[in-house]
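Every chain is numbered from 1, with letters handed out A, B, ... down the list of sequences.
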Amino acid sequence: METGRDFIRDIVRADLEAGRHKNVVTRFPPEPNGYLHIGHAKSICLNFGIAQEFGGHCHLRFDDTNPTKEEQEYIDAIERDVRWLGFDWGPHLYYASDYFERLYEWAEHLIKAGKAYIDDQSPEEMRAARGTLTAPGTNSPFRDRSVGENLDLFRRMRAGEFPNGARVLRARIDMTSGNINLRDPVLYRILHASHPRTGTQWCIYPSYDFAHGQSDAIEGITHSICTLEFEDHRPLYDWFIENLPVPSRPRQYEFARLNLTYTVLSKRVLTGLVRGGHVSGWDDPRMPTIAGLRRRGVPAEAIRDFVRRIGVAKANSIVDANMFDFSVREVLNRTAERRMAVLRPLRVVIENYPEGQFEELEAANHPDDVNAGTRKIRFGRELFVERDDFMENPPKKFFRLSPGNEVRLRYAYFVTCRDVVKNAAGDIVELRCTYDPATRGGNAPDGRKVKATMHWVSAVDAITAEVRLYNPLFRRPDPDASQFQDDLNPDSLEVLPDAKLEPALRGAEPERPVQFERQGYFVRDRDSTPERPVFNRTVGLRDSYAKAGND
RNA sequence: UGGGGAAUAGUUCAACGGUAGAACAGCGGACUCUGACUCCGUUAAUCUAGGUUCGAAUCCUAGUUCCCCAGCCA
C-alpha cells in the first residue's frame, strides 16, 4: 500500500508510533443536502485512504442536523457515490441523528453545570449583541437565568411549546472573545420540521458545533479531518469535548479544500445550477459532481489518481483542470478499447472501387494490448470521413485530405482525393477519391509513405448517433461564485446530431468508455435508445495540431 | 483596528538546519497505421528586510500580501 506523505498522514503516523492510539478511526461526514462533488472526493480519498493505509477504518456519517435542508434522495445518492468511488464503510454507517437523545442529555448536563442558558432574544437582537469582528459582544439579558428556569424552558422547548425562533439554547462561554465562535454559540434551535430519519420526533435540533465533535467522540474517531473554514471552530470543538462526559478524545485537523479552474465547487452554486435549470440535473455530465463525472465517463480510478497527485496541504489553491484531464486520459488510454466514429460526416466515394462490393478488414481493439483482440470492419465504395480532415486549400502543415493528396484510411487503403462536389450554395457535399488496391491493410508495397492516417466509417454500415461534446461550464478560470450566472459558458454543451459510428459500437455499454480514434474518449449515455445511441465525450485526446493554433 | 490560517517554478505538491525536487502546463526533438500514446531534452521558484548559524525554504524579529470568521447553515 503506497502511503502518501502529507502533514495529516505525518500526524497520524506520529500518533500511532507514540502509542496515542492503537487504531486510527476517521470519518467522512457529509450533510445530505446535495450531491457529492470532486471536492468531496478529495476528502473521501483522504479519510478512507488513511484508514486503509494505517489499517484502521473510516465511518460514513451523515451530518443530518438541519431537517429543513436535508432529503433522503441525497442520502441515497451520497452512499451510491462513495461506493462507486471504490470505498467501503463496512458496518460503520452512522447518522448524527442517531445521537439526538444523547446530545440532548449533554445539553442538560451543560445547563446543570451553569454552562448553557436559554436565550429569548430575537435573531436580530442576538446579532446586534454579538458585536463585530473588532468590537466585543455584550451579554444577553437572559444569560444569568437560574439552572431551574433554564432546565424548565429547555424541556418545554423540546415539548414543542414554542414556535420556531422563539428561543435558543446557548453555551455560556465569553461574549468578548476575539473568536466569534466562542461568543455564546447556539447549541439548539427550535425547528418544527420533519426530519428524513426521525420524522416529527423532535422539534429542536442541535447545531453543527454541538453535534459534530460529540458524534466523533461517540464513534471513537481519532482524527477528525475537515476543511480550513472550521479552523476557528476548533477551540469550540475542544470546549465541548472538555466540558462533557464524552467517551473519547478526538482531535480535529484541517486541510485546504479543492478548487479547480473553470468550475465552482460550492454546494450552493451547484444547487443553483440544478434548480435554475442551467444544467439537466445533478448528474449532468458538465457538473463536477461525482454523479456527473460518472455519467460523463470518468472512471473512479481517474478521480482517485487525480486526488493522489494534487496532494494535501493548508494553502488555498486552485488546481489547473488540465491536471484532472491528465488523470482521466491516463486511465482511459490504458483501459478503453478503440473504435472509429465520424463526428461531422463528409461523404466519400471511391470511384475505382466496384459498386456493391465490400470486404472485411481487421482492426486492433487496443494498440498496446494484444489481449484486447481485434474486430472486423467493412470497407466499400461509399464512406464517411471527418469534415475537419479535408481542406480544399490546405495550409502548409495540413497533412490530411486535400485535392490531389494521398492519405491512409486506417486499417484499409491509401486514398487520393480527385474531386470536390459542391451544392448550389457552394458547400462541400462529397469527395471523389481513388484508392490503391496494392495498399490493402494500410501499407504500400513500394514503401511510399503518407503523412496522415484518417479514421473513417463505411457509409452503408454506419450507425447514426447523437454525440454530446462538453466544454467547461464557466468561461473564466476563477468564476465568481456569488454571481455565477454571469460567468456561465454558453457553449458548454455542443450536440452533434449526425455522427456516424462503426457497427461494433452498437454493443457499447454504459460506464465502459471507448476511444473514438483521433477524437477522444466517449461513453454511451443513458439517453440512448435502440434506434439512436447517444454518446458523451468524456475528454478529448490531446491535439498538438490544434494547439499549435491550426484550428 | 479583533481572532484564526497560509505564502517554494505558470499551476499543484516535496524538501522536517546540510546539493531546492516531482507532477501538470509550456517549449524543442525522436518515434508512430491515432497530429494519440511513449521516449528524450529544456525553460522556470523559496513574499520582503534584518538576525542566529560553518551552513537557513526550514529557527528568531519586523513587515508585506492573500484566505477564513460577525447563520437559530454545515
Side-chain angles (χ1 to χ4, degrees), chain A residues 4-7 10 29-31 33 63 65-66 68-70 119 121-123 126-128 130-137 164-170 176-183 185-191 204-205 207-209 211-212 226-235 254 256 258 261 267-268 309-327 329-330 333-334 338 340 363-364 367-368 397-400 408-412 414 441-443 449-455 515-520 540-548 550:
Chain A
R5 272 274 169 180
D6 56 64
F7 77 98
D10 286 347
E31 183 190 12
N33 68 344
D63 224 329
T65 57
N66 186 352
T68 66
K69 295 189 173 172
E70 296 151 8
D119 196 342
Q121 290 183 109
S122 69
M126 266 184 64
R127 192 186 327 121
R130 187 151 31 229
T132 69
L133 293 178
T134 52
N164 288 356
R167 297 179 220 266
V168 291
L169 178 71
R170 301 178 75 177
T176 68
S177 173
N179 182 344
I180 290 177
N181 296 117
L182 264 18
R183 317 242 263 231
V186 170
L187 272 34
Y188 269 90
R189 70 284 212 199
I190 300 170
L191 250 28
I204 58 172
Y205 291 90
S207 62
Y208 163 84
D209 286 306
H212 203 96
C226 63
T227 44
L228 252 29
E229 65 269 25
F230 293 102
E231 215 155 12
D232 47 17
H233 288 243
R234 182 161 16 102
E254 310 87 12
L258 171 67
T261 56
K267 249 196 256 185
R268 205 199 95 249
R309 283 169 188 277
I310 57 174
V312 180
K314 292 194 74 158
N316 294 316
S317 59
I318 305 178
V319 176
D320 190 335
N322 281 313
M323 282 221 211
F324 182 70
D325 288 350
F326 178 86
S327 289
R329 292 194 189 103
E330 165 92 351
N333 175 53
R334 215 175 57 229
R338 313 286 125 122
M340 291 202 285
D368 309 316
K397 288 286 182 65
F398 185 87
F399 303 138
R400 285 110 88 162
R408 170 167 42 232
L409 293 182
R410 182 142 225 224
Y411 300 121
F414 286 11
N443 288 301
K449 302 287 184 195
V450 287
K451 288 189 121 168
T453 299
M454 290 174 25
H455 58 100
Q515 183 192 102
F516 290 179
E517 296 213 34
R518 302 208 308 134
Q519 305 276 0
L541 254 30
R542 284 186 57 192
D543 186 349
S544 56
Y545 177 77
K547 192 152 39 186
N550 296 309

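Computed from coordinates, the A:Asn316 CG to B:C69 P distance equals 11 Å when rounded to whole Å. Nucleotide B:C69 holds its P atom 13 Å from the CG atom of A:Asn179, rounded to whole Å. The interatomic distance linking A:Arg5 (CZ) with B:C13 (P) rounds to 18 Å, in whole Å. Protein atom CZ of A:Arg518 is 10 Å distant from nucleotide atom C1' of B:A36, rounded to whole Å. Atom pair A:Leu187:CG and B:C73:C1' shows a separation of 15 Å (rounding to whole Å applied).
A:Arg400 forms a cation-pi arrangement with A:Tyr545, by the criterion of a distance under 6.0 Å to the ring centre and an angle within 45° of the ring axis.
Counting atom types as modelled, A:Gln519 pairs no side-chain N or O with a base atom of B:U34 as donor and acceptor under 3.5 Å. Contact of A:Asp10 with B:C16 (side chain to base): a donor-acceptor pair of N or O atoms is detected under 3.5 Å. Judged by atom type and distance alone, A:His455 does not reach the base of B:A36 through any side-chain donor-acceptor pair under 3.5 Å. Evaluation of atom-type donor-acceptor distances gives no pair under 3.5 Å for the side chain of A:Arg309 against the base of B:U12.
Residue-level contact check: A:Glu231 touches the backbone only, with heavy atoms under 4.0 Å from sugar-phosphate atoms and none from bases. Residue A:Gln515 is classed as a base contact, given a heavy-atom separation below 4.0 Å to a base. Within the 4.0 angstrom heavy-atom criterion, base atoms lie near A:Phe399.
Within the 4.0 Å cut-off from OP1 or OP2 of B:C13, at least one side-chain nitrogen or oxygen of A:Ser317 is found. At B:G26, one or more side-chain N or O atoms of A:Lys547 fall inside 4.0 Å of OP1 or OP2 (strictly under the cut-off). Listed pair A:Arg183 / B:G2 fails the phosphate criterion, with no side-chain N or O lying under 4.0 Å from OP1 or OP2.
Of all heavy-atom pairs spanning A:Gln515 and A:Leu541, the tightest one is NE2-CD1, 3.7 Å.
Along RNA chain B, the nucleotide nearest A:Lys314 and the nucleotide nearest A:Ile310 are compared for position; the residue whose nucleotide lies closer to the 5' end is A:Lys314.
B:A57 and B:G28 have their C1' atoms separated by 31 Å, given to the nearest Å.
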